[in-house]
2 protein chains.
Amino acid sequence: MATINDVAHLAGVSTATVSRALNGKSTVDPALAERVRSAADELGYQPNGPARNLRRRETAVFALIISDVENPFFTAIARGVEDTAQTAGYSVVLCNSDENPEKERRYIDVALQERVAGVVLSPTGASPSIERLRRGGTPVVAVDRPLIACDQVLVDSRRAAREATEHLIAAGYTRIGCIGGPPGVRTADDRVAGYRDALHGRSPRLERRAEYRTTGGRQAARDLLADSPDALLVANSSMAIGVLEVLAEAGLRPGRDVGVVAFDDAPWTTLINPSLTVVAQPAREIGAEAARLLLARIAEPAHPPVVTILGAHLIPRGSTRH
Amino acid sequence: MATINDVAHLAGVSTATVSRALNGKSTVDPALAERVRSAADELGYQPNGPARNLRRRETAVFALIISDVENPFFTAIARGVEDTAQTAGYSVVLCNSDENPEKERRYIDVALQERVAGVVLSPTGASPSIERLRRGGTPVVAVDRPLIACDQVLVDSRRAAREATEHLIAAGYTRIGCIGGPPGVRTADDRVAGYRDALHGRSPRLERRAEYRTTGGRQAARDLLADSPDALLVANSSMAIGVLEVLAEAGLRPGRDVGVVAFDDAPWTTLINPSLTVVAQPAREIGAEAARLLLARIAEPAHPPVVTILGAHLIPRGSTRH
DNA sequence: ATGAAAGCGCTAACAA
DNA sequence: TTGTTAGCGCTTTCAT
């Protein structure tokens with residue numbers, strides 16, 4: 001593969017001039033610059049990133065470490081991060097931690113070693129590995145789940161869960177169950193807390209917690225059905241799939257036999273009949289804001305951490321009409 | 001951030017020994033190695049990736065460039081690639097080309113510049129930028145869509161589309177429409193071709209082509225409805241969402257008023273009523289095989305290109321019962 | 001405006 | 001087994 005030296009020889013200039021020309025420095029003669037560019041073209045020259053990054057001590061790449069690539073909520077965040085980053089000249093590489101702290105740690109190390117310009121992270125838990133990022137001085141912004149002493153973009157999950165539950169109460173449901181995510185995951189805990197906030201004895205507490213996945217939803221729903229709830233608050237869209245499957249098996253129809261509201265406005269929620277009442281989170285905006293915070297922090301590393309809290313809104317649909 | 005020099009000083013050895021110890025070379029005294037490791041730990045040492053990659057002239061990273069992160073088919077491929085790559089000690093960074101040749105080109109350049117060990121690519125079209133990868137000698141494997149003179153993992157889309165259409169014919173439908181993906185995209189063209197293969201005059205050709213997205217499906221379906229089809233073959237799951245929406249608007253019930261079969265067994269396809277007949281593609285296996293091919297090519301760069309064709313299978317469900 | 005040369009942090013010959 | 005040293009390809013002073 002051609003190096004800067006080859007280009008310099010072909011263009012009959014020094015490597016310094018090649019570097020300057022290709023990086024658009026103003027101090028280079030237009031004619032020379034042109035000669036350099038065509039030489040580079042002819043050789044199919046691609047600057048050696050590692051060498052450049054080593055010398056510059058920085059890269060134009062963000063790492064985005066999310067807990068589940070197969071969850072539309074996170075892919076929507078990815079789109080938001082990407083759009084904003086691209087505009088500012090950064091590329092985004094996506095790493096899937098798969099809700100697995102070990103994989104998260106691996107990817108944080110990769111990000112650190114590759115000296116990425118910044119990291120957007122949806123933390124899988126207490127994540128001791130964050131400490132390394134901090135020590136390395138790499139800018140980090142947490143999304144969806146909090147991370148102390150760090151820029152963050154969060155959603156007011158608790159309030160959203162409370163409102164969703166109040167919506168169920170207002171619709172006349174009296175035995176409202178909650179299918180929550182795994183204990184210890186902040187969004188999961190918050191949603192359960194919001195559910196409790198709303199009850200005030202107007203419904204018994206019927207809670208089950210499980211993994212943020214379809215199988216988790218399935219298990220929790222099977223189990224909770226024993227308590228014969230007349231409505232269900234489900235903590236995310238992957239779980240909702242499992243819950244709806246179980247309901248169908250049991251011959252229970254959403255909206256008629258049992259009210260259902262779930263977090264995340266996944267693309268399929270309007271296809272089912274009746275369509276699913278959801279709590280829509282501004283996923284794309286979360287990503288965009290995270291990228292903005294990262295850019296701001298790069299520009300001003302000493303700035304105190306900023307926490308952005310975005311709202312979620314209920315979209316009432318058929319599954320909660322009594 | 002600590003460098004190898006700092007570690008060497010703290011451990012009282014040379015940088016060479018540090019490098020050897022940390023990379024697990026056998027030729028280093030266990031006691032020394034231990035001293036080095038604890039020194040590295042104490043300093044929170046993270047090897048400088050750019051420097052290492054520059055020197056080694058290789059990285060342990062694969063780039064996976066897919067055309068749409070929000071499409072479950074591609075995220076499933078991502079999982080397959082990742083699982084296999086991780087096992088072999090490689091990390092995978094995911095780049096979203098968004099069906100946009102310009103973004104694809106950008107990410108190919110990034111991959112090239114960062115000197116990744118290999119690229120898995122779902123090409124967005126003729127992709128002239130592949131030429132650069134080839135010139136750079138970077139191993140590439142194409143997934144889902146063909147790429148000349150290159151390892152490839154494909155699905156026999158044409159056959160699958162033919163079988164799906166035959167299934168519709170066997171079910172007694174006589175005006176079978178085809179909602180195809182964008183012309184020029186190979187999988188899209190193949191699926192339309194398979195549809196035609198099956199017809200033999202047993203149904204008029206009712207074809208519409210659009211983007212591989214929900215809006216594309218919506219447009220094409222609205223348009224095609226004018227030809228009053230009694231069944232529909234839909235080219236992917238994102239389009240299927242749009243198609244089903246339009247059907248619902250028009251008061252047409254899948255499986256009763258109009259038969260529907262779509263490519264991709266998305267998670268929601270069993271939730272709708274009746275559930276959706278689909279052509280299931282082995283997405284995860286596609287990814288895993290792609291990663292295997294990449295590893296094989298790295299081990300043996302001169303080996304002639306291998307093309308793996310995987311099968312897809314029809315899963316008949318309620319939406320095609322007459 | 002251009003070139004010469006130093007050096008980013010690491011690994012791999014080569015010596016010892 | 002360990003250390004010394006050259007150099008990977010680039011950018012950036014410092015001269016000119």
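Every chain is numbered from 1 and lettered A, B, ... according to where its sequence line falls, protein lines coming before strand lines.
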In terms of side-chain heavy atoms, does [X] have a donor or acceptor partner in [Y] at a distance below 3.5 Å?
X	Y	answer
A:Asn48	B:Gln113	no
B:Glu58	B:Asn53	no
B:Tyr90	B:Thr59	no
B:Arg135	A:Gln46	no

* Structure fact -> Counted 5' to 3', the first and last nucleotides of DNA chain C within 4.0 Å (strictly under) of a heavy-atom of chain A are C:dA1 to C:dG9
* Give the B/S/- string for nucleotides 9-16 of chain D, one per nucleotide from 5' to 3', where a protein heavy atom under 4.0 Å of the base yields B, of only the sugar-phosphate yields S, and otherwise -. => BBBBB---
* To do: Mind checking ring-ring contact (aromatic ring centres under 6.0 Å, His included) for A:Tyr107 and listing every partner two or more places apart, or none if nothing turns up?
  =>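 Checked A:Tyr107 against ring-ring contact (aromatic ring centres under 6.0 Å, His included); zero matches.
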* Among all residues two or more places apart in sequence or in another chain, which pass the ring-ring contact (aromatic ring centres under 6.0 Å, His included) test with A:Tyr45? ->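 ring-ring contact (aromatic ring centres under 6.0 Å, His included) check on A:Tyr45 returns nothing, list empty.
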* Min side-chain heavy-atom separation A:Phe62-A:Val93 under 4.5 Å ->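 Not touching, per the 4.5 Å side-chain cut-off.
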Side-chain atoms of residues 140-153 of chain B: list all donor-acceptor pairs with protein atoms under 3.5 Å, sequence neighbours left out, distances to 0.1 Å.
unit_1, atom_1, unit_2, atom_2, d
B:Arg145, NH1, B:Glu99, OE1, 3.4
B:Arg145, NH1, B:Pro123, O, 3.0
B:Arg145, NH2, B:Glu99, OE2, 3.1
B:Asp151, OD1, B:Arg297, NH2, 3.1
B:Asp151, OD1, B:Val306, N, 2.8
B:Asp151, OD2, B:Arg297, NE, 2.6
B:Asp151, OD2, B:Arg297, NH2, 3.3
B:Gln152, OE1, B:Leu147, N, 3.3
B:Gln152, NE2, B:Leu147, O, 2.9
B:Gln152, NE2, B:Cys150, O, 3.3

* Asked: Are the side chain of A:Ser122 and the backbone of A:Ser67 linked by a donor-acceptor contact shorter than 3.5 Å?
  -> yes
* Compute the bend angle of the helix from C:dA1-D:dT16 to C:dA16-D:dT1 from the end axes (five pairs per end), rounded to 10°. => 40°
* Asked: More than 12 heavy atoms of other residues, nucleotides or ligands under 6.0 Å from CZ of B:Arg134: is that the case?
  ->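 Yes - once you tally the heavy atoms of other residues, nucleotides and ligands closer than 6.0 Å, there are more than 12.
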